[in-house]
Amino acid sequence: MRKNEYADYRSVIADSWNRCIAWGLEHDHEPTPLMPESARLEEINRQYSELLSVTEAEVLPYYRNVLSSSRCLILLADQHATVLNSWGDERITETRLKPWFQAGANWQEQNCGTNAIGTSIAVSAPVQIQRNEHFLKTNRSIIGSAAPIFGAHRQIAGVLSVFSDAYLPQAHTLGMVRLLSQSVENRLIKRQFGPDHFQITLNTTADNFDSPWSGILVCDDFGKIIASNQRADQLLGMNTVEARLDELFTSRRHQILEHPETETLQLTTRSKVRLSARIKRPTRVNENPNRIDRLSQSNEGCYSDELLGIDNLEFGDSAVKRCATQSLKVLQRGVPVLITGETGVGKEVLVKALHRASHRKDQPLVAVNCAAIPSELVESELFGYEAGAFTGARAQGSLGFIRKAHKGILFLDEIGEMPLSAQSRLLRVLQERLVTPVGSTDSVPVDILLVTATNQPLGTRIESGHFRADLYYRINGLCVELPALRNRSDRSLLIQNLYSRHRDPGQSEQLSPKVLSAFENHPWPGNIRQLVNVLRVAIAIADGEDVQVWHLPEDFLAEFETAAGEESDPRIAEPRAPGVEVEQEDPLATTLKVYRKCTGNVSQAARELAISRNTLYKRLRELGVR
């Protein structure tokens, strides 16, 4: 557990104890369970029938084999901490606590003190309560892990918890109960909204769509989000309900909703985060036949990323060429490669090109984003685990990412975010070429080529104690740095090439000198990833016409103006011959002239000035016009 996570964890326990004291509870208090009458229990079962059926029929069978061999008890409670049902082994606890695990028992903090169910509801977050962290002594023979199940609009729909003996291993229990609650949440959303709405599944890579950690967006025909899960909010960095697709992503709504269901869609958020997506259309379409016709006209291939080879990653930039050729040579000899560079410079693209050019092109390329895996599950996901290794483990166990890459290439992205505990095990794997799954004493040989990537200075991470120096020297066989887009000597040719790949039929084969000048002089903080998104947005807005400056996104123009300086004229000039002097007109005077010519039309004036509306408003305020 990281230092800040431990501090937050201690704060949750301390705050809960303070609430218990404020309610007048004492450590020796022994509450009596008030069991509701049978009629009330029947009413509760009817009220929560969907939650109960989803949990029991769709999720618990996946873990049923664990319950028969593990001394644990799974409880489902409603949003008021009332137990709805339980599954598993009731022998885990003393006789006096058994009534508390029956349907109808209530675990609210006001009555039972600090406990997994009641505290999870109080903080609206997953918690694990160790034996002596329970406020009441009567509960200190058990350990509880609980996670809330959120409804489509972020309200708590229920709580799922796992209770076990205080002396059983607990390393993975909280991660598993989070996983289980997320599975229930996802299936509730799909069951409620799936037949009549679009479903967009999001994840950091296309390999993990079926994972419970995928984000889910449910939207209507107009791209309005009517439901989503909490993972979608985490991936997009905001509350997505009531938002629109055009507000969340750089791609336009029709490009997303009309994308073929069988193909992966690459989306970029407004905060420059790249995600993989899969679209599922409504199954009930008979009531709206126009929807079938409109959606069948898919724009296949126009926006799919071309698979680049090792020879066409660059168009004359010696630094990129050197990175590619040197990386391929040493990787073929089994030497690990560490790729550095700013976010968005194309590290993953380089790795895919290396794989296609290597002698292992017919073997798997397994890409793992170390920052995307919950810290509790990193080791089991990387190294695999044996059947029954921990609470919630699959019956058949799991190979883990490293063994999945056997005979192929393992790509560990964001390596600097890997927890220290996993780093030590990874170091041993790289040294001995043996993997020991969690819960096993037997080691399995692996044959992998290793590529890692980071956008962080690992030296700083080593100094702060967050990264092992010995692991750094093990993965750093060859360290290459991909240059930022603003530093690439082939920037102009790269921009034109990417444009030609994404342009609509009928659009000019080349960007105009004015637009190209804007692209060449932009700071590009998001690098190639940002360039591709800006091109796609401009092409979409142009809608078949040649791309002009006013088709570029406003945040792109704002970044350009900021880089140029507040006092300089941010207009993008036509290229001119060297030595030709051009008289510079006062920006405010020019703004007023164009504003009057456009008869006060702000959007038209901003387009002619090639500035954003925010900048235009600022100048007009300075002139006293608005």
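Computed from heavy atoms alone, side chains included, the values below leave out hydrogens, waters and symmetry copies.
With hydrogens and angles left out, the side-chain atoms of D413 and N369 include no donor and acceptor closer than 3.5 Å. Side chains of R191 and S53: a donor-acceptor N/O pair is present below 3.5 angstrom, by distance only. For the residue pair H80 and T82, no side-chain donor N or O sits within less than 3.5 Å of a side-chain acceptor on the partner. A side-chain donor from one of T343 and R529 sits under 3.5 Å from a side-chain acceptor of the other. Between the side chains of T454 and E414, not a single donor N or O lies within less than 3.5 Å of an accepting N or O. Residues E133 and Q128 bring no donor and acceptor atom of their side chains to less than 3.5 Å of each other.
Taking the six-membered ring for Trp and the full ring otherwise, W107 and F163 have centroids separated by under 6.0 Å. The aromatic ring centres of F467 and Y472 sit 6.0 Å or more apart.
Side-chain contact between Q431 and R474 is present, with at least one heavy-atom pair separated by less than 4.5 Å. Two residues are said to be in side-chain contact when any heavy atoms from C-beta on lie closer than 4.5 Å; Q199 and F193 fail this criterion. When side chains are defined from C-beta on, E261 does not count as touching R278, because their heavy atoms never get closer than 4.5 Å. Residues R468 and S424 are in side-chain contact: their nearest non-hydrogen atoms beyond the backbone lie under 4.5 Å apart. At a threshold of 4.5 Å between non-hydrogen side-chain atoms, the residues I200 and I279 count as touching. Counting heavy atoms from C-beta on, the side chains of V444 and R403 come closer than 4.5 Å. The shortest side-chain heavy-atom distance between D233 and S228 falls under the 4.5 Å cut-off. Taking the side chain as every heavy atom from C-beta outward, Q102 and S86 never approach each other to under 4.5 Å.
A donor-acceptor contact shorter than 3.5 Å is absent between the side chain of R178 and the backbone of L174. Between the side chain of T119 and the main chain of N115, a donor-acceptor pair closer than 3.5 Å is present. Under the 3.5 Å distance criterion, the side-chain polar atoms of D246 are left unmatched by any main-chain donor or acceptor of R252. Side-chain atoms of R19 never come within 3.5 Å of backbone atoms of A122 as a donor-acceptor pair (strictly under, hydrogens ignored). Using modelled atom types, no side-chain atom of Q155 and backbone atom of F150 make a donor-acceptor pair closer than 3.5 Å. A distance-only check finds a donor-acceptor pair linking the side chain of R461 to the backbone of G416 [under 3.5 Å]. For S214 (side chain) and F209 (main-chain N/O), a donor-acceptor pair under 3.5 Å exists by modelled atom type. Judged by distance alone, with hydrogens and angles left aside, the side-chain atoms of S16 form no donor-acceptor pair with the main-chain N or O of I13 at under 3.5 Å. The backbone N or O of A125 lies less than 3.5 Å from a partner atom in the side chain of S120, making a donor-acceptor pair. Between the side chain of R140 and the backbone N or O of H134 there is at least one donor-acceptor pair closer than 3.5 Å.
Taking CD1 from I226 and CD from Q192, the interatomic distance works out to 8.5 Å, rounded to the nearest 0.5 Å. Taking CD from E417 and CG from L412, the interatomic distance works out to 13.0 Å, rounded to the nearest 0.5 Å.
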Item checked: Verdict with reasoning, T264 to S276, per side chain to side chain donor-acceptor pair (under 3.5 Å) -> CA-CA 7 Å; T264 299; S276 296; over 6 Å; no
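Cation-pi contact between R281 and F198: absent, since separation from the ring centre below 6.0 Å together with deviation from the ring axis within 45° is not met.
For the side chain to side chain donor-acceptor pair (under 3.5 Å) test, no residue two or more places apart in sequence or in another chain qualifies with S181. Here S421 pairs with E379 under the side chain to side chain donor-acceptor pair (under 3.5 Å) rule; sequence neighbours left out.
Between R46 and E43 there is no salt bridge, since no side-chain N of the basic residue sits under 4.0 Å from a carboxylate O of the acidic one.
None of I448, L382, L365 except one satisfies the side chain to side chain contact (heavy atoms under 4.5 Å, CB included) rule with L410; the exception is I448.
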Only distances under 3.5 Å count here; give the side-chain donor-acceptor pairs of residues 20-33 to other protein atoms, sequence neighbours excluded, each with its distance to 0.1 Å.
from, atom 1, to, atom 2, distance (Å)
H27, ND1, F135, O, 2.8
D28, OD1, K137, NZ, 3.2

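Across every non-hydrogen atom of D220 and K224, the tightest pair is OD1-N, 2.9 Å.
Within 6.0 Å of the CZ atom in R428, the count of heavy atoms belonging to other residues, nucleotides or ligands does not exceed 12.
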